[in-house]
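Here's the structure we're looking at; comments come further down.
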Amino acid sequence: MTDPIRYEDLDLVNTKKMFQKAMEGKFAVPAYNFNNMEQLQAIVTGCAESDSPVILQVSGSARQYADPTMMPHMVKGAVAMVRKAGSKIPIALHLDHGNSFELAKDCIDSGFSSVMIDGSHLSFEENVRLTKEVVDYAHTMGVTVEGELGVLAGVEDEVSSETSHYTRPEEVQAFVEKTGADSLAISIGTSHGAHKFKLKPGEQPPSLRFDILEEIEQRLPGYPIVLHGASSVSPEHVAMINQYGGNLESAVGIPADQLRRAAKSAVCKINIDSDGRLAMTAVIRKVFSESPAEFDPRKYLGPARDELISLIKDKNKNVLGSAGKM
Ligand code: 13P
């Protein structure tokens with residue numbers, strides 16, 4: 001048994017104040033997923049350079065990939081790096097799609113300042129029971145908890161669903177009251193991964209269900225809402241991947257103007273993973289194709305990291321509205 005690591009000792013914060021400011025300021029805090037050093041460096045650098053609060057987001061399998069013991073030390077190093085450069089942005093470390101009490105507790109005991117417990121595939125009663133169990137433990141440690149109602153389609157890390165169902169607004173109040181969760185992920189038409197919609201040529205992605213979001217806002221005034229599956233799937237990156245030997249046909253995401261509209265509402269956290277993966281993959285493919293003799297990882301991971309920094313700065317400024325809102 002190793003001693004627990006407290007998030008405060010890693011210079012992290014929970015999401016409470018971040019979401020209050022996001023609600024008042026009508027923007028959303030970005031939650032960017034990572035699993036390696038270059039992604040982590042890009043996220044903290046991009047957010048520090050745009051003076052944006054940030055949620056560093058890690059799925060259970062990403063944590064395994066990076067190594068659960070190494071994870072808090074990586075994050076501590078990344079925070080120290082931007083502090084040394086003079087940045088005071090608030091930074092949270094969040095478990096994405098936690099699927100058990102044990103995993104959530106393990107993360108809380110190893111430096112996470114926020115956890116999601118995803119019981120959205122369970123019955124309402126089971127979801128309430130599991131979420132409350134995590135909230136009861138998390139709150140004794142000052143850690144904030146995200147719950148979920150409704151199911152998103154798509155595949156990403158350990159979450160996968162072929163079908164979706166929208167969040168039922170009539171359930172949200174009882175869920176929040178019974179569990180004490182600090183924020184709620186909802187399903188209004190976003191989905192995980194790079195293939196969010198099957199569109200015929202010339203067809204536009206369907207609109208998110210803002211009517212459901214508005215009804216939820218009315219039932220939970222001032223309560224932070226979370227949007228998963230919110231990558232826009234840049235056509236430029238998809239084209240680059242295909243140009244340099246990839247095969248990503250019919251990849252399509254959520255239009256930026258719809259995310260901007262959501263960010264101005266009670267949506268306080270927007271999750272972005274696929275867009276970062278696509279940006280890095282596009283650049284790595286380009287380097288491999290143009291410089292086939294290259295075998296120094298810094299020569300392809302470095303430019304990939306730069307591309308991710310640009311993407312993050314652009315999102316913070318033009319999509320989430322979080323730039324300059326630290
Ligand atoms: P994307 O696949 O749209 O990036 O969604 C990420 C996400 O919701 C992580 O939980």
Side-chain angles (χ1 to χ4, degrees), residues 15 28-35 39-40 42-43 46 54-63 65-66 92-99 103-104 107 112 114-121 144-162 164 166-167 183-198 205-206 208 224-235 237-238 241 248 250-256 258-260 262-263 267-282 307-308 311-312 314-316 319-320:
T15 57
V29 180
Y32 294 113
N33 288 69
F34 75 96
N35 51 54
Q39 289 173 314
L40 177 57
I43 297 166
V54 63
I55 297 169
L56 304 171
Q57 188 157 264
V58 184
S59 68
S61 64
R63 181 170 174 257
Y65 176 85
L93 175 61
H94 174 81
L95 170 66
D96 195 19
H97 293 290
N99 56 8
L103 174 60
C107 287
F112 282 63
S114 175
V115 292
M116 174 190 196
I117 181 72
D118 181 358
S120 59
H121 54 289
T144 37
V145 179
E146 175 184 321
E148 177 160 350
L149 279 176
V151 176
L152 271 67
V155 182
E156 197 204 16
D157 286 1
E158 52 273 58
V159 272
S160 158
S161 175
E162 278 186 17
S164 66
Y166 296 125
T167 304
S183 61
L184 181 68
I186 61 167
S187 172
I188 56 166
T190 59
S191 77
H192 291 116
H195 299 85
K196 299 190 191 299
F197 307 106
K198 286 195 176 67
L208 297 180
I225 299 299
V226 176
L227 270 196
H228 282 244
S231 278
S232 291
V233 185
S234 146
H237 287 144
V238 172
I241 288 172
L248 269 186
S250 69
V252 49
I254 312 293
Q258 296 199 30
L259 296 171
R260 214 171 303 136
V267 170
C268 291
K269 169 175 179 270
I270 290 188
N271 287 7
I272 296 159
D273 186 358
S274 298
D275 279 345
R277 297 181 184 200
L278 291 165
M280 292 189 90
T281 302
E307 185 74 6
L308 186 52
L311 177 125
I312 284 169
D314 177 62
K315 291 240 178 230
N316 293 348
V319 183
L320 290 100

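In listed order, ligands and their atoms are each counted from 1. For clarity, every value in this text was computed on a predicted model and none was experimentally measured.
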Relative to the heavy atoms of [X], which atoms of ligand 1 are at a distance of less than 4.0 Å?
X      : result
His228 : 8 (O), 10 (O)
Ala230 : 3 (O), 5 (O)
His97  : 10 (O)
Gly193 : 2 (O)
His192 : 2 (O), 5 (O), 7 (C), 8 (O), 10 (O)
Ser274 : 1 (P), 2 (O), 4 (O)
Ile272 : 4 (O)

With the side chain counted from C-beta on, respond yes when [X] and [Y] share a heavy-atom pair under 4.5 Å apart, and no when they do not.
X      : Y      : value
His228 : Asp96  : yes
Val233 : Leu248 : no
Ser250 : Lys198 : no
His237 : Leu311 : yes
Gln57  : Met116 : no
Leu103 : Val115 : no

(message) Would Asp275 count as a polar contact of ligand 1, with the cut-off being nitrogen or oxygen pairs under 3.5 Å?
(response)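 No.
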(request) May I ask you to check whether Asn33 has an N/O atom sitting below 3.5 Å from an N/O atom of ligand 1? (result)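 No, no N or O pair falls under 3.5 Å.
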(request) Determine, using heavy atoms of Lys196 and all atoms of ligand 1, whether some pair is separated by less than 4.0 Å. (result) yes
(message) Applying salt bridge (charged side-chain N to carboxylate O under 4.0 Å, His left out), can you list everything that pairs with Asp275, at least two apart in sequence or on another chain?
(response) Lys315
